[in-house]
Amino acid sequence: MRHFIENMPKAELHVHIEGTLEPELSFALAKKNNIALPFSTPEALIAAYDFHDLPSFLKIYYAGMSVLIEEEDFYRLTWEYLEKAASQNIVYAELFFDPQGHTTRGVAFETVITGIHKAQQDAKEKLGIDSKLILCFLRDMSAESAMDHLKMAEPYLDWLIGVGLDSDELHNPPLKFKDVFALARQWGLKLTMHCDVNQKNTLEHIGQVLDDIEVDRIDHGVNALESESLCEKIKAKQLGLTVCPVSNRFVVQSLTSNEIKKMLEKGLLATINSDDPAYFRAYLNENFMALQEEGNFSKEELLTLAGNAFKVAWLDTKEKDSYLDKLNNYGQKAVA
Ligand code: ADE
Ligand code: ZN
């Protein structure tokens, strides 16, 4: 199974680029930028990764961003993720970034997006991995701030495929950002939003992303299984659900393998993703492995999950078909 998972061509649709900041890179950037870290070694930093819910994770995640200052830092962060992704046979990735996590520290929007974009271009050329970029708004900041950041992105629309919504969901419902997402849609961007697992009012929030925001995809969205009518809507709209098993284990103490099985049984387009792999110490292959081990998923089920990611990726039909052909060929050889 390990070989089967490692060699399978995959897409990753839910990864926060700031969540790929490895402790070693953090130390290297801190040294370069003359920033004092409150830890003596990368191992000590990892030992301090003590999260048990979304807020305790986010606190450490935002603190980690302090070492990212110059364009070259964002370039290196992105390049190193894409290098790792290519080594895991990820052929296509859609990356989230959190500009408000940087502009609030005095780092310019342009610095952030230019560093990321240049690394994406180089990775395509030199590593053969294709990727797209999704601007995420921090839902615990104001709708005005989100709108300001969408407007900052206007000169860079060609570099973006969509917008998302992340950070702390408590008291920050999708509707708070209705106008921002409506404008993003007008500008031709795709829409997605986090519906993190076991959040307060989660079913109401999932209802809002479907009916009011009219998203093109849902990040996590696992609790939709509790409502037959939400499942039916998700299925009717053929929306993808980007589930992140190891992340779920950290924030809700469950890999959600039973839930992922149920999604497949219901014909929902569930996908497997890593979320914040440097913090959760698991990239995409490790997520597939952990899931397979816990839920005893068959090769056919793993192929379905990997195929779903290409189906719901923000690619044109020709590109999707070409990736799906590649996956089908792999599956036929590997399962035979
Ligand atoms: N930001 C980074 N990872 C996140 C997650 N899993 N949920 C919400 N916000 C995030
Ligand atoms: Zn996420």
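Only a predicted model underlies this, so the values are computations on that prediction, with no experimental measurement involved. One-based numbering, in listed order, for ligands and for the atoms of each.
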Closest protein heavy atom (residue, atom, distance) for [atom]:
atom	result
atom 6 (N) of ligand 1	D275 OD2, 2.7 Å
atom 3 (N) of ligand 1	D276 OD2, 2.8 Å
atom 7 (N) of ligand 1	D196 OD2, 2.9 Å
atom 4 (C) of ligand 1	H16 NE2, 3.6 Å

Sub-6.0 Å ring centroid separation between [X] and [Y]:
X	Y	result
H194	F96	yes
F288	F4	no
Y92	F310	no
H117	Y75	no
F137	F181	yes
F280	F51	yes

Counting each atom of ligand 1 from 1 as listed, which ones have a heavy atom of [X] under 4.0 Å away?
X	result
F57	2 (C), 3 (N)
L58	1 (N), 9 (N), 10 (C)
H194	5 (C), 7 (N), 8 (C)

Item to check | Student check: side-chain heavy atoms of L264 and E301 closer than 4.5 Å | outcome: yes
Could you establish whether [X] and ligand 1 come within less than 4.0 Å of each other, counting only heavy atoms on the residue side?
X	value
S167	yes
D168	no
F96	no

Checklist entry - Which protein atoms of type N, O or S are found under 2.8 Å from the Zn ion (ligand 2)? => result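 Those protein N, O or S atoms (cut-off: under 2.8 Å from the Zn ion (ligand 2)) are H14 NE2, H16 NE2, H194 NE2, D275 OD1.
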Checklist entry - Of the backbone atoms (N, CA, C, O) and the side-chain heavy atoms from C-beta on, which set of V251 has a member under 4.0 Å from an atom of ligand 1: side chain, backbone, both, or neither? => result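 The answer is neither.
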Item to check | Structural part of H220 in contact with ligand 1, heavy atom criterion under 4.0 angstrom | outcome: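 Side chain only.
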Next on the checklist: Please verify the inter-ring angle class for F57 with Y279; under 30° counts as parallel, over 60° as perpendicular, anything in between as tilted.
Outcome noted: perpendicular
Checklist entry - Is atom NZ of K118 surrounded by more than 12 heavy atoms (other residues, nucleotides or ligands) closer than 6.0 Å? => result no
Checklist entry - So I272 and L284, side chain to side chain contact (heavy atoms under 4.5 Å, CB included) or not? Walk me through it. => result CA-CA 8 Å; I272 303 304; L284 189 53; 4.2 Å; yes
Checklist entry - Once you round to the nearest 0.5 Å, how far does CG of N285 lie from CD of E6? => result 5.5 Å
Item to check | Exercise: do T103 and H149 side chains pair donor with acceptor under 3.5 Å | outcome: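 Distance-only check passes for T103 and H149.
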